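Notes for the one structure printed next.
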Amino acid sequence: MYFVFSLGCTEYLLLSVMAYDRYLAICHPLRYSCIMNSTLSIQLVLGSWASSFLTTSVLAFLITRLSFCDSTIINHFFCDVDSWIELSCTDTHLAEMVYITVCFIVVLGSCAVILVSYIYIISTVLRIPSDQGWQKAFSTCSAHLTVVVLWSQFSRINIDGKSNNSERIYSPGTFQ
């Protein structure tokens with residue numbers, strides 16, 4: 001759970017960094033190499049990775065503090081944070097609030113950065129007088145836009161393993 005959630009957060013943040021990179025490349029092409037140097041690139045990538053793993057560490061720590069009284073059977077294909085919170089018999093308010101806050105900041109924050117970047121990119125591209133300039137600008141963004149669209153569609157998929165029968169799919173601590 002920790003690594004999947006951390007890598008998902010990292011993906012959102014890296015897509016934001018890539019959108020910022022495309023924004024600089026198209027909206028400020030003459031200053032691009034001065035602004036987006038190798039130092040800034042490394043800082044943005046390492047910042048994305050570090051912040052993802054650190055925020056997920058806080059959430060994982062809060063999950064470990066929960067106690068489970070009743071059933072420890074998770075009727076899901078994938079063991080997610082929601083499943084752990086649902087099984088807990090202690091107060092989960094803090095874990096829920098941290099989970100919601102992290103999701104809100106990471107998902108909506110990165111979506112906002114991507115949206116604002118592409119608003120500026122599109123407004124800049126529309127001021128380019130030649131068709132060749134349009135094509136070059138959009139070909140620069142096409143790979144990133146494809147990844148953003150695919151990631152947003154795949155991240156909306158909720159794999160729900162609940163079934164009408166009581167078949168056990170995963171039980172933490174036991175592998176039977």
Side-chain angles (χ1 to χ4, degrees), residues 1-28 35-36 40-124 141-162 169-170 172:
M1 174 188 78
Y2 173 76
F3 288 107
V4 171
F5 196 65
S6 295
L7 293 174
C9 290
T10 303
E11 181 70 25
Y12 275 109
L13 295 177
L14 286 175
L15 287 174
S16 299
V17 169
M18 290 169 64
Y20 177 67
D21 177 67
R22 296 299 84 208
Y23 160 76
L24 288 177
I26 292 174
C27 297
H28 304 287
I35 297 171
M36 189 57 77
L40 181 62
S41 297
I42 291 170
Q43 288 173 345
L44 289 171
V45 169
L46 290 178
S48 297
W49 280 91
S51 60
S52 295
F53 278 87
L54 287 175
T55 55
T56 306
S57 295
V58 172
L59 186 58
F61 173 75
L62 291 173
I63 295 292
T64 61
R65 306 295 297 167
L66 298 176
S67 60
F68 305 97
C69 301
D70 296 334
S71 175
T72 58
I73 297 171
I74 297 174
N75 248 353
H76 292 276
F77 175 74
F78 176 71
C79 181
D80 199 5
V81 176
D82 296 337
S83 304
W84 289 97
I85 290 174
E86 186 178 311
L87 285 177
S88 177
C89 62
T90 57
D91 183 26
T92 60
H93 181 71
L94 181 61
E96 289 175 16
M97 294 312 297
V98 168
Y99 179 58
I100 291 169
T101 304
V102 166
C103 290
F104 183 78
I105 290 171
V106 170
V107 174
L108 293 181
S110 64
C111 288
V113 168
I114 293 168
L115 184 65
V116 168
S117 295
Y118 275 98
I119 287 172
Y120 280 110
I121 288 170
I122 290 170
S123 66
T124 301
C141 297
S142 64
H144 181 255
L145 279 174
T146 303
V147 171
V148 168
V149 168
L150 288 174
W151 177 253
S152 65
Q153 292 305 310
F154 286 130
S155 64
R156 287 181 37 194
I157 296 173
N158 182 12
I159 302 172
D160 188 11
K162 289 184 180 177
I169 296 176
Y170 176 74

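All residue numbers refer to positions in the sequence shown, counting from 1. On a predicted model such as this, the values are computed, not experimentally measured, just so you know.
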Nearest 0.5 Å please: distance from the OG1 atom of T101 over to the CG atom of L59.
10.0 Å
Test side-chain contact (heavy atoms from CB on, under 4.5 Å) on L94 and Y99 and set out the steps.
CA-CA 8 Å; L94 181 61; Y99 179 58; over 6 Å; no
Could you tell me the separation between the CG atom of L13 and the CD1 atom of I105, rounded to the nearest 0.5 Å?
10.5 Å
Hey, what do you get for CG (L108) to OH (Y12), rounding to the nearest 0.5 Å?
9.0 Å
Rounded to the nearest 0.5 Å, what's the gap from OG on S117 to CG on L15? Could you check?
11.5 Å
Within the 4.5 Å heavy-atom criterion, are V148 and M18 side-chain neighbours or not?
no
Determine whether I35 and Y20 make a side-chain contact, defined as any pair of heavy atoms from C-beta on separated by less than 4.5 Å.
yes
Please name the pair of heavy atoms, one in I121 and one in A19, separated by the smallest distance, quoted to 0.1 Å.
CD1-O, 4.5 Å
T56/F3 under side-chain contact (heavy atoms from CB on, under 4.5 Å): CA gap, chis, key distance, verdict
CA-CA 9 Å; T56 306; F3 288 107; over 6 Å; no
Separation between SG (C27) and CD1 (I122), nearest 0.5 Å, reads 10.0 Å
V102 vs F5 side-chain heavy atoms within contact, under 4.5 Å:
yes
Check whether any side-chain heavy atom of V147 sits under 4.5 Å from a side-chain heavy atom of E11, and report yes or no.
yes
Indicate the atoms forming the closest heavy-atom contact of S48 with V17, along with that distance.
OG-CG2, 3.6 Å
To the closest 0.5 Å, what do you measure between OG1 (T124) and OH (Y23)?
7.5 Å
Closest contact, heavy atoms only, C9 versus S52
C-OG, 3.3 Å
May I ask you to decide if F53's main-chain N or O and Y2's side chain share a donor-acceptor pair within less than 3.5 Å?
yes
Could you check whether atom OH of Y120 has more than 12 heavy atoms from other residues, nucleotides or ligands sitting under 6.0 Å from it?
no
